[in-house]
Amino acid sequence: MDLRIFTEPQQGATYDDLLAVARATEDLGFDAFFRSDHYLSMGSGDGLPGPTDAWTTLAGLARETSRIRLGTLVSSATFRHPGVLAIQVAQVDQMSGGRVELGLGTGWYAEEHAAYGIPFPDKRFGLFTEQLEVVTGLWGTPVGERFDYAGEHYTLTNSPALPKPVQASPLDPSRAGVPLIVGGLGPRKTPALAARFASEFNLTFPPLDVVGEKLETVREACRAIGRDPQTLTMSAALVLAGGKDDAEVDRRSAAIGRDPEEVRAVGIAGTPTAMVDRLGTLAEQGITRVYLQVLDLQDLDHLELVASEVMPQVR
């Protein structure tokens with residue numbers, strides 16, 4: 001089981017806060033540091049000192065870390081033109097020496113779009129699909145050749161399709177590309193896109209009783225296009241609230257504004273034994289990678305507990 005750290009900086013974090021968590025992520029042996037891609041806090045928090053841009057942050061972390069994977073869970077298709085996104089991600093991949101992954105989705109938070117003047121069309125799935133086609137098309141075009149694209153939402157003409165990521169595409173090693181993460185709980189459209197474009201399918205905060213069912217849906221989508229489902233990594237993102245004893249679990253749950261019993265029911269929460277058991281249940285359903293949503297970025301002892309008491313038992 002791969003364990004990755006997943007942060008929500010829009011709730012209130014500086015770059016230095018994120019750097020401290022990323023360095024702890026690397027030093028403690030976790031596989032990756034990921035962050036959300038949002039521009040507005042959610043809930044009752046004030047979000048101070050304000051949002052940090054996901055790809056600007058990851059560019060900085062690319063130069064200040066050396067081992068961990070870096071990525072978004074997930075970038076919104078509404079935020080950036082796919083040509084610009086392809087350049088940004090390729091550049092950060094170069095800056096990191098080939099450690100970047102791109103999670104991409106349709107976007108859902110209407111309020112952040114209104115707050116910063118970002119268009120938010122009612123129907124976004126076609127836009128999302130075209131972004132995947134454009135980004136992978138730009139990266140996959142051989143150096144010296146040109147890329148053209150004519151869709152309903154985007155048109156690219158005579159593009160040199162540069163720069164390229166350092167990495168090779170997981171789906172076609174003869175072409176450049178970075179691992180793409182597509183996820184969701186939808187019954188048909190999202191699994192079909194994951195089967196077509198992604199190296200990883202992610203369930204973000206899924207009801208635990210539907211995990212196996214949702215994974216089988218994306219496996220069926222793979223088989224429908226002749227893809228081996230075993231080539232698609234299956235992952236889940238769940239809130240983290242662990243402690244060496246129940247009192248510490250309760251304290252950490254309260255610190256993130258969550259009811260301890262609710263967190264124990266839906267997340268990776270409880271004592272180390274409880275967390276190992278929950279990860280084991282996910283593994284039995286086919287999950288091989290878990291993103292641990294860390295909401296208190298000042299509590300680095302939380303990460304140390306998982307690294308020392310949980311990680312050795314699930315790897």
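The figures here come from the full heavy-atom set of this structure, side chains too, leaving out hydrogens, waters and symmetry mates.
Scanning both residues, Leu102 and Trp139, for their nearest heavy atoms gives CD2-CH2, 4.0 Å. Between Tyr109 and Ser41, the shortest heavy-atom contact is OH-O, 3.0 Å. Between Pro260 and Asp250 the shortest heavy-atom distance is CB-OD1, 3.3 Å. Here the closest heavy-atom approach between residue Thr78 and residue Thr106 is recorded as CG2-O, 3.7 Å. Looking at every heavy atom in both residues, Ala32 comes nearest to Thr25 through O-CG2, 3.4 Å. When all heavy atoms of Asp2 and Asp31 are compared, the pair lying nearest together is CA-OD2, 3.2 Å.
Within the 3.5 Å criterion, the main-chain N or O of Ile256 finds no donor-acceptor partner in the side chain of Asp296. No donor-acceptor pair closer than 3.5 Å links the side chain of Glu130 to the backbone N or O of Gly151. In this structure, the side chain of Glu304 does not engage the main chain of Leu300 through any donor-acceptor pair within 3.5 Å. A donor-acceptor contact shorter than 3.5 Å is absent between the side chain of Gln88 and the backbone of Thr56. With hydrogens and angles disregarded, no donor-acceptor distance shorter than 3.5 Å links the side chain of Thr7 to the backbone of Val294. With hydrogens and angles disregarded, a donor-acceptor distance shorter than 3.5 Å links the side chain of Gln167 to the backbone of Val100.
In this structure the side chain of Pro206 never reaches within 4.5 angstrom of the side chain of Lys214, judged on heavy atoms. Within the 4.5 Å cutoff, side-chain heavy atoms of Arg219 are placed close to those of Met234. Under the 4.5 Å side-chain criterion, counting only non-hydrogen atoms from C-beta, Leu104 is not in contact with Leu180. Annotation: side chain of Leu185 is in contact with side chain of Pro207 (closest heavy-atom distance under 4.5 Å). At a threshold of 4.5 Å between non-hydrogen side-chain atoms, the residues Leu282 and Ile268 count as touching. Side-chain contact check for Leu215 versus Leu203: some heavy-atom pair is nearer than 4.5 Å. Contact of the Pro272 side chain with the Leu305 side chain is registered, since non-hydrogen atoms from C-beta on lie closer than 4.5 Å. Contact of the Asp53 side chain with the Phe79 side chain is not registered, since no non-hydrogen atoms from C-beta on lie closer than 4.5 Å.
Taking OH of Tyr149 as the reference point, atom OG of Ser159 lies at 13.5 Å (rounded to 0.5 Å). The distance from atom CG of Leu193 to atom CZ of Phe125, rounded to the nearest 0.5 Å, is 4.0 Å. The CG atom of Asp259 lies 9.0 Å from the CZ atom of Arg264; values are rounded to the nearest 0.5 Å. Note: Glu101 CD to Ser96 OG = 10.0 Å, rounded to the nearest 0.5 Å. To the nearest 0.5 angstrom, Leu295 atom CG is 10.5 Å from Ser253 atom OG. Expressed to the nearest 0.5 Å, how far CD1 of Ile287 lies from CG of Leu279 amounts to 10.5 Å.
Other residues, nucleotides and ligands contribute more than 12 heavy atoms inside 6.0 Å of the CZ atom of Arg315. The local environment of CZ in Arg63 is sparse, with at most 12 non-hydrogen atoms from other residues, nucleotides or ligands closer than 6.0 Å.
The pair Asp301-Arg252 does not count as a salt bridge, with every side-chain nitrogen at least 4.0 angstrom from each carboxylate oxygen. With respect to the salt-bridge test (charged N to carboxylate O, under 4.0 angstrom), the residues Arg23 and Glu26 do not qualify.
Sorted by first and then second residue, the side chain to side chain donor-acceptor pair (under 3.5 Å) pairs involving residues 195-209 (not counting sequence neighbours) are Glu133-Arg196, Glu200-Ser235, Glu200-Arg289, Glu200-Tyr291, Asn202-Thr204, Asn202-Ser235. Under the side chain to side chain donor-acceptor pair (under 3.5 Å) criterion, no residue pair touches residues 267-287, with sequence neighbours excluded.
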side-chain contact (heavy atoms from CB on, under 4.5 Å) assessment of Trp55 paired with Val89
CA-CA 7 Å; Trp55 288 100; Val89 176; 3.7 Å; yes

Mind running side-chain contact (heavy atoms from CB on, under 4.5 Å) on Leu171 and Arg227 for me, showing each step along the way?
CA-CA 10 Å; Leu171 303 188; Arg227 177 176 177 181; 3.3 Å; yes

Quick one, Val135 with Phe197, criterion side-chain contact (heavy atoms from CB on, under 4.5 Å). Give me CA distance, side-chain angles, the key distance, then yes/no.
CA-CA 10 Å; Val135 167; Phe197 291 104; over 6 Å; no

Tyr15 vs Glu64, test: side-chain contact (heavy atoms from CB on, under 4.5 Å). Steps then yes/no.
CA-CA 12 Å; Tyr15 173 76; Glu64 298 194 83; 2.4 Å; yes

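Under the 4.5 Å side-chain heavy-atom criterion for Ile, Leu, Val, Met, Phe, Trp and Tyr, Leu127 and Val74 are members of distinct hydrophobic clusters. Following chains of ILVMFWY side-chain contacts shorter than 4.5 Å, one cannot reach Leu19 starting from Met95, and the two form parts of different hydrophobic clusters. The hydrophobic cluster containing Phe6 does not contain Val306, counting ILVMFWY residues as joined when their side-chain heavy atoms lie under 4.5 angstrom apart, directly or transitively. In the hydrophobic clustering of this structure, Leu138 does not group with Val92; members are Ile, Leu, Val, Met, Phe, Trp, Tyr whose side-chain heavy atoms approach within less than 4.5 Å, directly or through other members. A continuous path of hydrophobic side-chain contacts links Leu232 to Val290 [ILVMFWY only; heavy atoms under 4.5 Å].
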Contacts table for residues 236-247: side-chain donor-acceptor under 3.5 angstrom, sequence neighbours left out:
from   : atom 1 : to     : atom 2 : distance (Å)
Lys244 : NZ     : Glu248 : OE2    : 2.8
Asp245 : OD1    : Ala247 : N      : 3.3
Asp245 : OD1    : Glu248 : N      : 2.9

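The side chain to side chain donor-acceptor pair (under 3.5 Å) search around Arg99 returns Thr65, not counting sequence neighbours. Remark: Ala194 engages Val182, Ala198, Phe201, Val218 in a side-chain contact (heavy atoms from CB on, under 4.5 Å) (not counting sequence neighbours). Glu8 meets the side chain to side chain donor-acceptor pair (under 3.5 Å) test with Gln10, Ser36, Gln293; sequence neighbours excluded. Residues forming a side-chain contact (heavy atoms from CB on, under 4.5 Å) with Thr52 (at least two apart in sequence, or on another chain): Pro9, Leu18, Arg35, Thr57. Applying the ring pair (Phe, Tyr, Trp, His ring centres under 6.0 Å) criterion to Tyr154, with sequence neighbours excluded, gives His81. For Ala176, the side-chain contact (heavy atoms from CB on, under 4.5 Å) partners at least two apart in sequence or on another chain are Lys164, Pro165. Considering only residues two or more places apart in sequence or on other chains, Glu220 meets the side chain to side chain donor-acceptor pair (under 3.5 Å) condition with none of them. In this structure Pro160 satisfies the side-chain contact (heavy atoms from CB on, under 4.5 Å) test together with Arg146, Leu162, sequence neighbours excluded.
Thr14 and Asp17 share a donor-acceptor pair across their side chains, judged by distance under 3.5 Å alone.
Residue Ile225 belongs to no hydrophobic cluster, having no ILVMFWY side-chain heavy atom closer than 4.5 Å to its own.
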